[in-house]
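Encoded as C-alpha coordinates, the structure appears first; notes follow it.
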Protein chains: 2
Amino acid sequence: MFIVFSKHKPPIYKKEIKSVEDFDFADFKKRFDTSKYSLCREVFQTNQESIKIKNEKRAVENLYKIFNAVFSISSKKGFQAMTMRDLSKEANLSMGALYAYFKNKEDLLHIIQNQGRVMVKNVLDSFEATAVEPLQKLRSVIKAHIFLSEVARPWFFFTFMEARNLSENELKEVREIEAHTEKVIVDILELGESKGVFKKRNHFLTASIIKSMQQDWYLKRWKYKSRQINPDEFADYVTGFVESFVLAEPKKIKGVH
Amino acid sequence: MFIVFSKHKPPIYKKEIKSVEDFDFADFKKRFDTSKYSLCREVFQTNQESIKIKNEKRAVENLYKIFNAVFSISSKKGFQAMTMRDLSKEANLSMGALYAYFKNKEDLLHIIQNQGRVMVKNVLDSFEATAVEPLQKLRSVIKAHIFLSEVARPWFFFTFMEARNLSENELKEVREIEAHTEKVIVDILELGESKGVFKKRNHFLTASIIKSMQQDWYLKRWKYKSRQINPDEFADYVTGFVESFVLAEPKKIKGVH
DNA sequence: GTCTATACATAGATAGAC
DNA sequence: GTCTATCTATGTATAGAC
(Lines give C-alpha, C1' and ligand atoms only; values in the text may rest on other atoms or scores of the structure.)
Protein backbone atom coordinates (compact mmCIF):
# COMPACT_ATOMS: atom_id res chain seq x y z
CA MET A 1 0.00 0.00 0.00
CA PHE A 2 2.75 2.46 0.83
CA ILE A 3 5.94 3.14 -0.99
CA VAL A 4 9.16 4.44 0.33
CA PHE A 5 12.55 5.65 -0.65
CA SER A 6 15.54 5.33 1.54
CA LYS A 7 17.47 8.54 1.83
CA HIS A 8 20.68 6.58 1.51
CA LYS A 9 19.97 4.52 -1.58
CA PRO A 10 17.85 6.46 -4.03
CA PRO A 11 16.49 4.00 -6.58
CA ILE A 12 17.77 4.29 -10.11
CA TYR A 13 14.91 4.51 -12.51
CA LYS A 14 16.47 4.69 -15.91
CA LYS A 15 18.08 1.29 -15.72
CA GLU A 16 14.95 -0.41 -14.51
CA ILE A 17 12.41 1.05 -16.88
CA LYS A 18 12.14 -0.96 -20.06
CA SER A 19 10.36 1.71 -22.02
CA VAL A 20 11.26 5.06 -20.58
CA GLU A 21 9.07 6.69 -23.17
CA ASP A 22 5.80 5.10 -22.30
CA PHE A 23 5.11 3.45 -18.98
CA ASP A 24 1.77 2.47 -17.53
CA PHE A 25 0.54 2.02 -13.97
CA ALA A 26 1.80 -1.55 -13.75
CA ASP A 27 5.28 -0.44 -14.85
CA PHE A 28 5.19 2.35 -12.31
CA LYS A 29 4.38 0.02 -9.43
CA LYS A 30 7.29 -2.27 -10.34
CA ARG A 31 9.70 0.61 -9.77
CA PHE A 32 9.00 0.82 -6.07
CA ASP A 33 8.94 -1.05 -2.85
CA THR A 34 5.19 -1.22 -2.50
CA SER A 35 5.18 -3.22 0.74
CA LYS A 36 2.60 -1.68 3.02
CA TYR A 37 5.25 -1.30 5.73
CA SER A 38 7.91 0.55 3.72
CA LEU A 39 6.86 4.09 4.52
CA CYS A 40 6.38 3.18 8.16
CA ARG A 41 9.88 1.74 8.36
CA GLU A 42 11.17 4.99 6.94
CA VAL A 43 9.26 6.90 9.62
CA PHE A 44 10.72 4.64 12.30
CA GLN A 45 14.26 5.21 11.12
CA THR A 46 13.81 8.94 10.76
CA ASN A 47 12.29 9.38 14.24
CA GLN A 48 14.27 6.86 16.25
CA GLU A 49 15.19 9.38 18.94
CA SER A 50 11.60 10.31 19.74
CA ILE A 51 10.03 6.84 19.37
CA LYS A 52 10.33 4.97 22.66
CA ILE A 53 9.94 1.47 21.20
CA LYS A 54 13.24 -0.03 20.11
CA ASN A 55 12.07 -3.29 18.51
CA GLU A 56 11.89 -2.32 14.84
CA LYS A 57 9.47 -4.98 13.68
CA ARG A 58 6.99 -4.23 16.43
CA ALA A 59 7.33 -0.48 16.05
CA VAL A 60 6.83 -0.56 12.30
CA GLU A 61 3.74 -2.73 12.59
CA ASN A 62 2.18 -0.45 15.16
CA LEU A 63 3.06 2.67 13.20
CA TYR A 64 1.26 1.09 10.28
CA LYS A 65 -1.83 0.53 12.42
CA ILE A 66 -1.65 4.06 13.79
CA PHE A 67 -1.26 5.79 10.42
CA ASN A 68 -4.04 3.79 8.86
CA ALA A 69 -6.31 4.67 11.75
CA VAL A 70 -5.38 8.36 11.42
CA PHE A 71 -6.14 8.32 7.69
CA SER A 72 -9.40 6.52 8.20
CA ILE A 73 -10.71 8.78 10.94
CA SER A 74 -9.33 12.02 9.48
CA SER A 75 -10.85 11.38 6.09
CA LYS A 76 -14.23 11.32 7.77
CA LYS A 77 -14.03 14.13 10.28
CA GLY A 78 -10.62 15.75 9.97
CA PHE A 79 -7.49 15.46 12.08
CA GLN A 80 -8.49 18.14 14.59
CA ALA A 81 -11.81 16.47 15.31
CA MET A 82 -10.16 13.08 15.81
CA THR A 83 -9.69 12.46 19.52
CA MET A 84 -6.94 10.34 20.98
CA ARG A 85 -9.66 8.01 22.23
CA ASP A 86 -10.93 7.61 18.66
CA LEU A 87 -7.44 6.81 17.53
CA SER A 88 -6.80 4.43 20.41
CA LYS A 89 -9.91 2.46 19.55
CA GLU A 90 -9.35 2.37 15.78
CA ALA A 91 -5.66 1.42 16.08
CA ASN A 92 -6.29 -1.18 18.80
CA LEU A 93 -3.73 0.41 21.10
CA SER A 94 -4.29 2.00 24.48
CA MET A 95 -3.87 5.76 24.95
CA GLY A 96 -0.70 5.11 26.91
CA ALA A 97 0.77 2.94 24.20
CA LEU A 98 0.12 5.54 21.52
CA TYR A 99 2.28 8.08 23.27
CA ALA A 100 5.26 5.76 22.95
CA TYR A 101 5.21 6.43 19.20
CA PHE A 102 4.94 10.22 19.19
CA LYS A 103 5.34 13.05 21.66
CA ASN A 104 1.86 14.51 21.26
CA LYS A 105 -0.95 14.86 18.78
CA GLU A 106 0.72 17.72 16.95
CA ASP A 107 3.90 15.69 16.62
CA LEU A 108 1.92 12.87 15.04
CA LEU A 109 0.60 15.29 12.44
CA HIS A 110 4.06 16.56 11.61
CA ILE A 111 5.53 13.07 11.28
CA ILE A 112 2.92 12.15 8.70
CA GLN A 113 3.16 15.45 6.82
CA ASN A 114 6.95 15.36 6.69
CA GLN A 115 7.15 11.77 5.52
CA GLY A 116 4.57 12.46 2.83
CA ARG A 117 6.52 15.45 1.57
CA VAL A 118 9.83 13.59 1.46
CA MET A 119 8.28 10.73 -0.46
CA VAL A 120 6.61 12.94 -3.07
CA LYS A 121 9.74 14.98 -3.60
CA ASN A 122 11.95 11.91 -4.00
CA VAL A 123 9.70 10.19 -6.49
CA LEU A 124 8.79 13.14 -8.66
CA ASP A 125 12.34 14.43 -8.86
CA SER A 126 13.38 11.03 -10.17
CA PHE A 127 10.93 11.31 -13.01
CA GLU A 128 12.21 14.58 -14.37
CA ALA A 129 15.05 12.81 -16.15
CA THR A 130 13.26 9.79 -17.60
CA ALA A 131 12.71 11.28 -21.04
CA VAL A 132 14.43 13.69 -23.38
CA GLU A 133 11.85 14.96 -25.87
CA PRO A 134 9.50 17.64 -24.46
CA LEU A 135 6.33 15.74 -25.27
CA GLN A 136 7.63 12.56 -23.65
CA LYS A 137 8.89 14.53 -20.67
CA LEU A 138 5.49 16.10 -20.23
CA ARG A 139 3.68 12.79 -20.40
CA SER A 140 6.15 11.21 -18.03
CA VAL A 141 5.78 13.90 -15.38
CA ILE A 142 1.99 14.00 -15.60
CA LYS A 143 1.64 10.24 -15.34
CA ALA A 144 4.17 9.84 -12.55
CA HIS A 145 2.21 12.25 -10.37
CA ILE A 146 -1.11 10.55 -11.00
CA PHE A 147 0.30 7.06 -10.45
CA LEU A 148 2.10 8.07 -7.28
CA SER A 149 -1.04 9.65 -5.84
CA GLU A 150 -2.83 6.41 -6.64
CA VAL A 151 -0.31 4.24 -4.80
CA ALA A 152 -0.09 6.58 -1.79
CA ARG A 153 -3.55 8.08 -1.95
CA PRO A 154 -4.18 8.37 1.81
CA TRP A 155 -0.95 10.31 2.23
CA PHE A 156 -1.84 12.71 -0.59
CA PHE A 157 -5.36 13.27 0.63
CA PHE A 158 -4.26 13.81 4.20
CA THR A 159 -1.46 16.17 3.22
CA PHE A 160 -3.82 18.32 1.21
CA MET A 161 -6.71 18.43 3.64
CA GLU A 162 -4.66 18.97 6.78
CA ALA A 163 -2.18 21.46 5.33
CA ARG A 164 -3.92 24.22 7.29
CA ASN A 165 -2.70 22.81 10.58
CA LEU A 166 0.94 23.30 9.65
CA SER A 167 3.33 25.79 11.18
CA GLU A 168 4.51 28.76 9.13
CA ASN A 169 7.80 26.98 8.53
CA GLU A 170 6.21 23.81 7.27
CA LEU A 171 3.75 25.73 5.14
CA LYS A 172 6.70 27.35 3.46
CA GLU A 173 8.11 23.93 2.60
CA VAL A 174 4.77 22.85 1.17
CA ARG A 175 4.59 25.96 -1.01
CA GLU A 176 8.12 25.35 -2.19
CA ILE A 177 7.31 21.83 -3.33
CA GLU A 178 4.17 23.11 -5.02
CA ALA A 179 6.14 25.79 -6.82
CA HIS A 180 8.85 23.31 -7.70
CA THR A 181 6.58 20.72 -9.31
CA GLU A 182 4.85 23.53 -11.15
CA LYS A 183 8.18 24.85 -12.39
CA VAL A 184 9.15 21.41 -13.66
CA ILE A 185 6.11 21.52 -15.93
CA VAL A 186 6.70 25.13 -16.96
CA ASP A 187 10.28 24.30 -17.93
CA ILE A 188 9.15 21.41 -20.09
CA LEU A 189 6.58 23.61 -21.81
CA GLU A 190 9.18 26.27 -22.47
CA LEU A 191 11.62 23.73 -23.84
CA GLY A 192 8.91 22.43 -26.13
CA GLU A 193 8.02 25.93 -27.27
CA SER A 194 11.64 26.69 -28.08
CA LYS A 195 11.85 23.48 -30.10
CA GLY A 196 8.68 24.37 -31.97
CA VAL A 197 6.69 21.34 -30.84
CA PHE A 198 4.52 23.29 -28.36
CA LYS A 199 2.52 26.41 -28.94
CA LYS A 200 3.35 29.72 -27.35
CA ARG A 201 1.09 29.91 -24.31
CA ASN A 202 0.92 31.20 -20.75
CA HIS A 203 2.89 28.27 -19.36
CA PHE A 204 2.18 29.16 -15.75
CA LEU A 205 -1.57 28.86 -16.36
CA THR A 206 -1.13 25.64 -18.31
CA ALA A 207 0.93 24.14 -15.49
CA SER A 208 -1.64 25.22 -12.89
CA ILE A 209 -4.42 23.61 -14.84
CA ILE A 210 -2.45 20.40 -15.26
CA LYS A 211 -1.87 20.28 -11.53
CA SER A 212 -5.54 20.80 -10.80
CA MET A 213 -6.37 17.78 -12.96
CA GLN A 214 -3.82 15.60 -11.19
CA GLN A 215 -5.14 16.73 -7.85
CA ASP A 216 -8.69 15.79 -8.73
CA TRP A 217 -7.62 12.17 -8.97
CA TYR A 218 -6.91 11.86 -5.27
CA LEU A 219 -9.41 14.43 -3.98
CA LYS A 220 -12.38 12.86 -5.79
CA ARG A 221 -11.26 9.26 -6.08
CA TRP A 222 -14.68 7.91 -5.03
CA LYS A 223 -16.20 9.56 -8.08
CA TYR A 224 -13.76 7.96 -10.50
CA LYS A 225 -14.00 4.64 -8.71
CA SER A 226 -17.78 4.61 -8.97
CA ARG A 227 -17.37 5.14 -12.71
CA GLN A 228 -14.72 2.42 -12.83
CA ILE A 229 -12.05 4.66 -14.29
CA ASN A 230 -8.60 3.17 -13.69
CA PRO A 231 -5.35 5.14 -13.32
CA ASP A 232 -4.20 4.39 -16.86
CA GLU A 233 -7.43 5.61 -18.41
CA PHE A 234 -7.39 8.75 -16.34
CA ALA A 235 -3.73 9.51 -17.03
CA ASP A 236 -4.22 8.96 -20.76
CA TYR A 237 -7.25 11.21 -20.79
CA VAL A 238 -5.38 13.98 -18.99
CA THR A 239 -2.35 13.78 -21.27
CA GLY A 240 -4.61 13.75 -24.32
CA PHE A 241 -6.47 16.77 -23.03
CA VAL A 242 -3.26 18.65 -22.38
CA GLU A 243 -1.69 17.70 -25.68
CA SER A 244 -4.64 18.98 -27.68
CA PHE A 245 -3.97 22.37 -26.13
CA VAL A 246 -0.19 22.61 -26.13
CA LEU A 247 0.86 20.76 -29.28
CA ALA A 248 1.80 22.99 -32.21
CA GLU A 249 -0.40 22.63 -35.26
CA PRO A 250 1.03 20.44 -37.98
CA LYS A 251 2.43 22.71 -40.69
CA LYS A 252 -0.17 23.97 -43.13
CA ILE A 253 0.06 23.30 -46.81
CA LYS A 254 0.64 26.49 -48.71
CA GLY A 255 -2.39 27.96 -50.34
CA VAL A 256 -4.81 26.01 -48.18
CA HIS A 257 -6.23 27.50 -45.03
CA MET B 1 -18.92 40.84 -1.14
CA PHE B 2 -21.80 38.39 -0.93
CA ILE B 3 -24.59 37.84 -3.36
CA VAL B 4 -28.01 36.49 -2.71
CA PHE B 5 -31.19 35.34 -4.33
CA SER B 6 -34.54 35.54 -2.67
CA LYS B 7 -36.46 32.31 -2.87
CA HIS B 8 -39.58 34.25 -3.72
CA LYS B 9 -38.36 36.43 -6.55
CA PRO B 10 -35.77 34.59 -8.63
CA PRO B 11 -33.96 37.16 -10.77
CA ILE B 12 -34.51 37.01 -14.49
CA TYR B 13 -31.20 36.90 -16.28
CA LYS B 14 -32.06 36.84 -19.94
CA LYS B 15 -33.71 40.22 -19.93
CA GLU B 16 -30.87 41.89 -18.12
CA ILE B 17 -27.92 40.50 -20.02
CA LYS B 18 -27.04 42.65 -23.00
CA SER B 19 -24.91 40.07 -24.69
CA VAL B 20 -26.03 36.64 -23.58
CA GLU B 21 -23.41 35.09 -25.78
CA ASP B 22 -20.38 36.63 -24.24
CA PHE B 23 -20.34 38.14 -20.77
CA ASP B 24 -17.32 39.06 -18.70
CA PHE B 25 -16.79 39.36 -14.96
CA ALA B 26 -18.07 42.94 -14.85
CA ASP B 27 -21.26 41.88 -16.62
CA PHE B 28 -21.65 38.99 -14.22
CA LYS B 29 -21.41 41.23 -11.19
CA LYS B 30 -24.08 43.54 -12.55
CA ARG B 31 -26.53 40.66 -12.59
CA PHE B 32 -26.61 40.33 -8.84
CA ASP B 33 -27.18 42.05 -5.58
CA THR B 34 -23.57 42.22 -4.50
CA SER B 35 -24.20 44.09 -1.26
CA LYS B 36 -22.09 42.48 1.41
CA TYR B 37 -25.19 42.01 3.56
CA SER B 38 -27.42 40.26 1.03
CA LEU B 39 -26.53 36.68 1.88
CA CYS B 40 -26.76 37.47 5.58
CA ARG B 41 -30.24 38.94 5.16
CA GLU B 42 -31.22 35.74 3.39
CA VAL B 43 -29.87 33.74 6.32
CA PHE B 44 -31.81 35.90 8.75
CA GLN B 45 -35.08 35.41 6.90
CA THR B 46 -34.56 31.67 6.50
CA ASN B 47 -33.74 31.11 10.17
CA GLN B 48 -36.07 33.57 11.87
CA GLU B 49 -37.50 31.00 14.24
CA SER B 50 -34.13 29.98 15.68
CA ILE B 51 -32.51 33.46 15.73
CA LYS B 52 -33.43 35.21 18.96
CA ILE B 53 -32.78 38.76 17.71
CA LYS B 54 -35.80 40.32 16.04
CA ASN B 55 -34.34 43.61 14.83
CA GLU B 56 -33.45 42.77 11.23
CA LYS B 57 -30.86 45.48 10.66
CA ARG B 58 -28.93 44.61 13.80
CA ALA B 59 -29.21 40.88 13.25
CA VAL B 60 -28.00 41.09 9.66
CA GLU B 61 -25.02 43.23 10.60
CA ASN B 62 -23.97 40.85 13.35
CA LEU B 63 -24.47 37.80 11.16
CA TYR B 64 -22.13 39.46 8.71
CA LYS B 65 -19.51 39.94 11.41
CA ILE B 66 -19.96 36.37 12.59
CA PHE B 67 -19.70 34.75 9.16
CA ASN B 68 -16.67 36.79 8.22
CA ALA B 69 -15.00 35.78 11.46
CA VAL B 70 -15.85 32.13 10.84
CA PHE B 71 -14.39 32.29 7.32
CA SER B 72 -11.27 34.03 8.52
CA ILE B 73 -10.51 31.68 11.39
CA SER B 74 -11.59 28.51 9.58
CA SER B 75 -9.45 29.25 6.56
CA LYS B 76 -6.45 29.24 8.87
CA LYS B 77 -7.15 26.34 11.22
CA GLY B 78 -10.42 24.77 10.16
CA PHE B 79 -13.90 24.99 11.65
CA GLN B 80 -13.39 22.22 14.22
CA ALA B 81 -10.29 23.85 15.60
CA MET B 82 -12.00 27.22 15.89
CA THR B 83 -13.18 27.74 19.47
CA MET B 84 -16.17 29.83 20.43
CA ARG B 85 -13.75 32.10 22.26
CA ASP B 86 -11.78 32.60 19.03
CA LEU B 87 -15.00 33.46 17.26
CA SER B 88 -16.18 35.74 20.04
CA LYS B 89 -12.96 37.72 19.88
CA GLU B 90 -12.79 37.96 16.09
CA ALA B 91 -16.45 38.90 15.70
CA ASN B 92 -16.37 41.40 18.57
CA LEU B 93 -19.32 39.76 20.27
CA SER B 94 -19.41 38.01 23.63
CA MET B 95 -19.91 34.27 23.88
CA GLY B 96 -23.39 34.86 25.23
CA ALA B 97 -24.32 37.15 22.36
CA LEU B 98 -23.17 34.62 19.77
CA TYR B 99 -25.64 32.04 21.02
CA ALA B 100 -28.51 34.39 20.21
CA TYR B 101 -27.74 33.84 16.52
CA PHE B 102 -27.46 30.06 16.41
CA LYS B 103 -28.36 27.15 18.68
CA ASN B 104 -24.86 25.70 18.90
CA LYS B 105 -21.62 25.41 16.98
CA GLU B 106 -22.90 22.62 14.78
CA ASP B 107 -25.97 24.68 13.91
CA LEU B 108 -23.71 27.54 12.84
CA LEU B 109 -21.91 25.19 10.45
CA HIS B 110 -25.15 23.97 8.93
CA ILE B 111 -26.53 27.48 8.46
CA ILE B 112 -23.48 28.48 6.44
CA GLN B 113 -23.34 25.26 4.44
CA ASN B 114 -27.03 25.36 3.59
CA GLN B 115 -27.02 28.99 2.54
CA GLY B 116 -23.96 28.37 0.36
CA ARG B 117 -25.63 25.44 -1.34
CA VAL B 118 -28.86 27.30 -2.02
CA MET B 119 -26.97 30.24 -3.51
CA VAL B 120 -24.83 28.09 -5.83
CA LYS B 121 -27.79 26.10 -7.02
CA ASN B 122 -29.90 29.19 -7.71
CA VAL B 123 -27.22 30.98 -9.68
CA LEU B 124 -25.89 28.09 -11.73
CA ASP B 125 -29.34 26.81 -12.64
CA SER B 126 -30.12 30.26 -14.02
CA PHE B 127 -27.16 30.08 -16.34
CA GLU B 128 -28.16 26.87 -18.05
CA ALA B 129 -30.60 28.69 -20.27
CA THR B 130 -28.59 31.76 -21.23
CA ALA B 131 -27.36 30.40 -24.55
CA VAL B 132 -28.61 28.09 -27.27
CA GLU B 133 -25.61 26.90 -29.26
CA PRO B 134 -23.57 24.15 -27.53
CA LEU B 135 -20.30 26.07 -27.65
CA GLN B 136 -21.89 29.19 -26.18
CA LYS B 137 -23.71 27.13 -23.57
CA LEU B 138 -20.42 25.53 -22.56
CA ARG B 139 -18.63 28.85 -22.27
CA SER B 140 -21.50 30.34 -20.34
CA VAL B 141 -21.65 27.56 -17.78
CA ILE B 142 -17.87 27.46 -17.27
CA LYS B 143 -17.58 31.21 -16.80
CA ALA B 144 -20.61 31.51 -14.54
CA HIS B 145 -19.10 29.01 -12.12
CA ILE B 146 -15.71 30.73 -12.05
CA PHE B 147 -17.20 34.21 -11.64
CA LEU B 148 -19.58 33.08 -8.92
CA SER B 149 -16.77 31.44 -6.97
CA GLU B 150 -14.87 34.71 -7.28
CA VAL B 151 -17.71 36.82 -5.88
CA ALA B 152 -18.50 34.38 -3.07
CA ARG B 153 -15.07 32.88 -2.61
CA PRO B 154 -15.17 32.44 1.20
CA TRP B 155 -18.41 30.50 0.93
CA PHE B 156 -17.01 28.21 -1.77
CA PHE B 157 -13.77 27.57 0.10
CA PHE B 158 -15.54 26.93 3.37
CA THR B 159 -18.12 24.63 1.79
CA PHE B 160 -15.41 22.52 0.18
CA MET B 161 -13.04 22.30 3.13
CA GLU B 162 -15.67 21.68 5.80
CA ALA B 163 -17.81 19.26 3.82
CA ARG B 164 -16.47 16.43 5.98
CA ASN B 165 -18.31 17.72 9.01
CA LEU B 166 -21.69 17.28 7.39
CA SER B 167 -24.32 14.75 8.34
CA GLU B 168 -25.08 11.85 6.01
CA ASN B 169 -28.20 13.67 4.84
CA GLU B 170 -26.40 16.87 4.01
CA LEU B 171 -23.55 15.02 2.33
CA LYS B 172 -26.14 13.46 0.07
CA GLU B 173 -27.35 16.93 -0.93
CA VAL B 174 -23.79 18.03 -1.65
CA ARG B 175 -23.18 15.01 -3.85
CA GLU B 176 -26.45 15.66 -5.68
CA ILE B 177 -25.43 19.23 -6.52
CA GLU B 178 -22.00 17.99 -7.63
CA ALA B 179 -23.59 15.38 -9.86
CA HIS B 180 -26.08 17.90 -11.15
CA THR B 181 -23.55 20.53 -12.21
CA GLU B 182 -21.51 17.78 -13.81
CA LYS B 183 -24.52 16.53 -15.69
CA VAL B 184 -25.24 20.02 -16.99
CA ILE B 185 -21.83 19.97 -18.66
CA VAL B 186 -22.20 16.40 -19.91
CA ASP B 187 -25.53 17.27 -21.50
CA ILE B 188 -24.02 20.24 -23.30
CA LEU B 189 -21.16 18.09 -24.58
CA GLU B 190 -23.59 15.45 -25.82
CA LEU B 191 -25.73 18.05 -27.52
CA GLY B 192 -22.62 19.42 -29.21
CA GLU B 193 -21.54 15.97 -30.30
CA SER B 194 -24.95 15.23 -31.80
CA LYS B 195 -24.77 18.52 -33.70
CA GLY B 196 -21.31 17.69 -34.98
CA VAL B 197 -19.57 20.67 -33.37
CA PHE B 198 -17.93 18.64 -30.59
CA LYS B 199 -15.81 15.52 -30.90
CA LYS B 200 -16.93 12.16 -29.59
CA ARG B 201 -15.27 11.85 -26.20
CA ASN B 202 -15.79 10.45 -22.73
CA HIS B 203 -17.99 13.32 -21.65
CA PHE B 204 -17.97 12.30 -18.00
CA LEU B 205 -14.19 12.63 -17.87
CA THR B 206 -14.24 15.90 -19.75
CA ALA B 207 -16.81 17.31 -17.33
CA SER B 208 -14.80 16.13 -14.33
CA ILE B 209 -11.69 17.81 -15.64
CA ILE B 210 -13.55 21.04 -16.32
CA LYS B 211 -14.84 21.02 -12.75
CA SER B 212 -11.36 20.46 -11.37
CA MET B 213 -10.14 23.57 -13.21
CA GLN B 214 -12.99 25.69 -11.89
CA GLN B 215 -12.34 24.42 -8.39
CA ASP B 216 -8.70 25.38 -8.56
CA TRP B 217 -9.71 29.01 -8.86
CA TYR B 218 -11.14 29.18 -5.35
CA LEU B 219 -8.92 26.57 -3.70
CA LYS B 220 -5.66 28.19 -4.85
CA ARG B 221 -6.71 31.80 -5.22
CA TRP B 222 -3.56 33.09 -3.49
CA LYS B 223 -1.47 31.54 -6.26
CA TYR B 224 -3.39 33.25 -9.05
CA LYS B 225 -3.53 36.48 -7.13
CA SER B 226 0.23 36.54 -6.66
CA ARG B 227 0.56 36.15 -10.44
CA GLN B 228 -2.04 38.88 -10.95
CA ILE B 229 -4.36 36.70 -12.99
CA ASN B 230 -7.86 38.17 -12.99
CA PRO B 231 -11.12 36.21 -13.31
CA ASP B 232 -11.57 37.08 -16.96
CA GLU B 233 -8.10 35.91 -17.92
CA PHE B 234 -8.52 32.69 -16.02
CA ALA B 235 -11.98 31.98 -17.41
CA ASP B 236 -10.80 32.65 -20.95
CA TYR B 237 -7.81 30.39 -20.50
CA VAL B 238 -9.97 27.57 -19.19
CA THR B 239 -12.52 27.87 -21.98
CA GLY B 240 -9.71 27.99 -24.55
CA PHE B 241 -8.13 24.92 -23.04
CA VAL B 242 -11.41 23.02 -23.08
CA GLU B 243 -12.33 24.10 -26.58
CA SER B 244 -9.05 22.90 -28.04
CA PHE B 245 -10.00 19.45 -26.76
CA VAL B 246 -13.70 19.22 -27.49
CA LEU B 247 -14.15 21.19 -30.72
CA ALA B 248 -14.50 19.08 -33.83
CA GLU B 249 -11.81 19.59 -36.45
CA PRO B 250 -12.72 21.98 -39.21
CA LYS B 251 -13.71 19.91 -42.24
CA LYS B 252 -10.77 18.79 -44.32
CA ILE B 253 -10.45 19.71 -47.91
CA LYS B 254 -10.69 16.67 -50.13
CA GLY B 255 -7.41 15.32 -51.35
CA VAL B 256 -5.42 17.16 -48.69
CA HIS B 257 -4.48 15.44 -45.45
C1' DG C 1 5.98 -2.50 25.88
C1' DT C 2 1.24 -1.96 27.06
C1' DC C 3 -2.46 -1.31 30.07
C1' DT C 4 -5.83 1.27 33.40
C1' DA C 5 -6.84 5.07 36.05
C1' DT C 6 -6.49 9.70 36.65
C1' DA C 7 -4.84 14.61 36.58
C1' DC C 8 -5.28 18.77 34.38
C1' DA C 9 -6.64 21.97 30.73
C1' DT C 10 -9.79 23.66 27.60
C1' DA C 11 -13.91 23.38 25.15
C1' DG C 12 -19.07 24.37 24.56
C1' DA C 13 -22.92 26.15 26.59
C1' DT C 14 -25.93 28.85 29.84
C1' DA C 15 -27.74 31.70 33.89
C1' DG C 16 -28.58 35.94 35.42
C1' DA C 17 -27.11 40.86 35.85
C1' DC C 18 -27.37 44.98 33.25
C1' DG D 1 -29.79 42.48 23.19
C1' DT D 2 -25.34 41.85 25.28
C1' DC D 3 -22.19 41.01 28.88
C1' DT D 4 -19.57 38.39 32.67
C1' DA D 5 -19.09 34.56 35.39
C1' DT D 6 -19.56 29.86 35.77
C1' DC D 7 -21.06 24.94 35.06
C1' DT D 8 -20.11 20.66 32.93
C1' DA D 9 -18.31 17.69 29.46
C1' DT D 10 -14.68 16.29 26.85
C1' DG D 11 -10.01 16.23 25.39
C1' DT D 12 -4.90 15.63 25.95
C1' DA D 13 -1.43 13.69 28.40
C1' DT D 14 0.85 10.98 32.09
C1' DA D 15 1.84 8.02 36.30
C1' DG D 16 2.36 3.74 37.82
C1' DA D 17 0.85 -1.24 37.80
C1' DC D 18 1.64 -5.33 35.17
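So you know, we letter chains A, B, ... as the sequences are listed, proteins then strands, and number each from 1. Note that these values count all heavy atoms, side chains included, but never hydrogens, waters or copies made by symmetry.
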Report task. Report yes if at least one side-chain N or O of A/Tyr99 is closer than 4.0 Å to OP1 or OP2 of D/dT14; otherwise report no. Result -> no
Query raised in the report: Using the C1' atoms of five pairs at each end, what's the angle between the two axes of the helix from C/dG1-D/dC18 to C/dC18-D/dG1, to 10 degrees?
Result: 0°
Query raised in the report: Do the side chains of B/Trp217 and B/Val238 get nearer than 4.5 Å, heavy atoms only?
Result: no
Query - Note, A/Ile66 side chain near A/Leu108 side chain (heavy atom, < 4.5 Å) - result: yes
Query raised in the report: Does the side chain of A/Asp216 pick up a donor-acceptor pair with the side chain of A/Tyr224 at under 3.5 Å?
Result: yes
Requested in this report: Verify the distance criterion only: is there a donor paired with an acceptor across the side chains of B/Lys223 and A/Ser208 at less than 3.5 Å?
Outcome: yes
Query raised in the report: So which one's nearest nucleotide on DNA chain D is more toward 5', A/Lys103 or A/Thr83?
Result: A/Thr83
Just how far, in rounded Å, is [atom2] of [N] from [atom1] of [X]?
{"X": "A/Lys89", "N": "D/dG11", "atom1": "NZ", "atom2": "P", "value": "13 Å"}
{"X": "B/Leu87", "N": "C/dA13", "atom1": "CG", "atom2": "C1'", "value": "14 Å"}
{"X": "B/Met84", "N": "D/dT6", "atom1": "CE", "atom2": "C1'", "value": "17 Å"}
{"X": "B/Gln80", "N": "D/dT12", "atom1": "CD", "atom2": "P", "value": "12 Å"}
{"X": "B/Asp86", "N": "C/dT10", "atom1": "CG", "atom2": "P", "value": "13 Å"}

Using ring pair (Phe, Tyr, Trp, His ring centres under 6.0 Å) as the criterion, list what pairs up with [X], not counting sequence neighbours.
{"X": "A/Tyr101", "answer": "none"}
{"X": "B/Tyr218", "answer": "B/Phe156"}
{"X": "B/Phe158", "answer": "B/Phe71, B/Phe79"}

When you compare the protein's N or O atoms with those of nucleotides 1-8 of chain C, which come within less than 3.5 Å of each other, and at what distance?
residue : atom : partner  : partner atom : Å
C/dG1   : OP1  : A/Lys54  : N            : 2.4
C/dG1   : OP1  : A/Asn55  : N            : 3.2
C/dG1   : O3'  : A/Arg58  : NH1          : 3.1
C/dT2   : OP1  : A/Arg58  : NH1          : 2.8
C/dT2   : OP1  : A/Asn62  : ND2          : 3.0
C/dT2   : OP2  : A/Tyr101 : OH           : 3.0
C/dC3   : OP2  : A/Ser94  : N            : 2.7
C/dC3   : OP2  : A/Ser94  : OG           : 2.8

Query raised in the report: Say you draw a straight line from SG of B/Cys40 to CD1 of B/Ile111; how long is it, rounded to the nearest 0.5 Å?
Result: 11.0 Å
Requested in this report: Identify, residue by residue, the members of residues 104-112 of chain B with a heavy atom below 4.0 Å from DNA chain D, and return them in order of residue number, or none.
Outcome: none
Query raised in the report: Are any of the side-chain nitrogens in B/Glu61 or B/Lys57 under 4.0 Å away from the carboxylate oxygens of its partner?
Result: yes
Requested in this report: Indicate yes or no: does B/Lys225 engage B/Glu150 in a salt bridge with an N to O separation below 4.0 Å.
Outcome: no
Query raised in the report: Name the one of B/Val118, B/Thr159, B/Asn165 that satisfies side-chain contact (heavy atoms from CB on, under 4.5 Å) with B/Gln113?
Result: B/Thr159
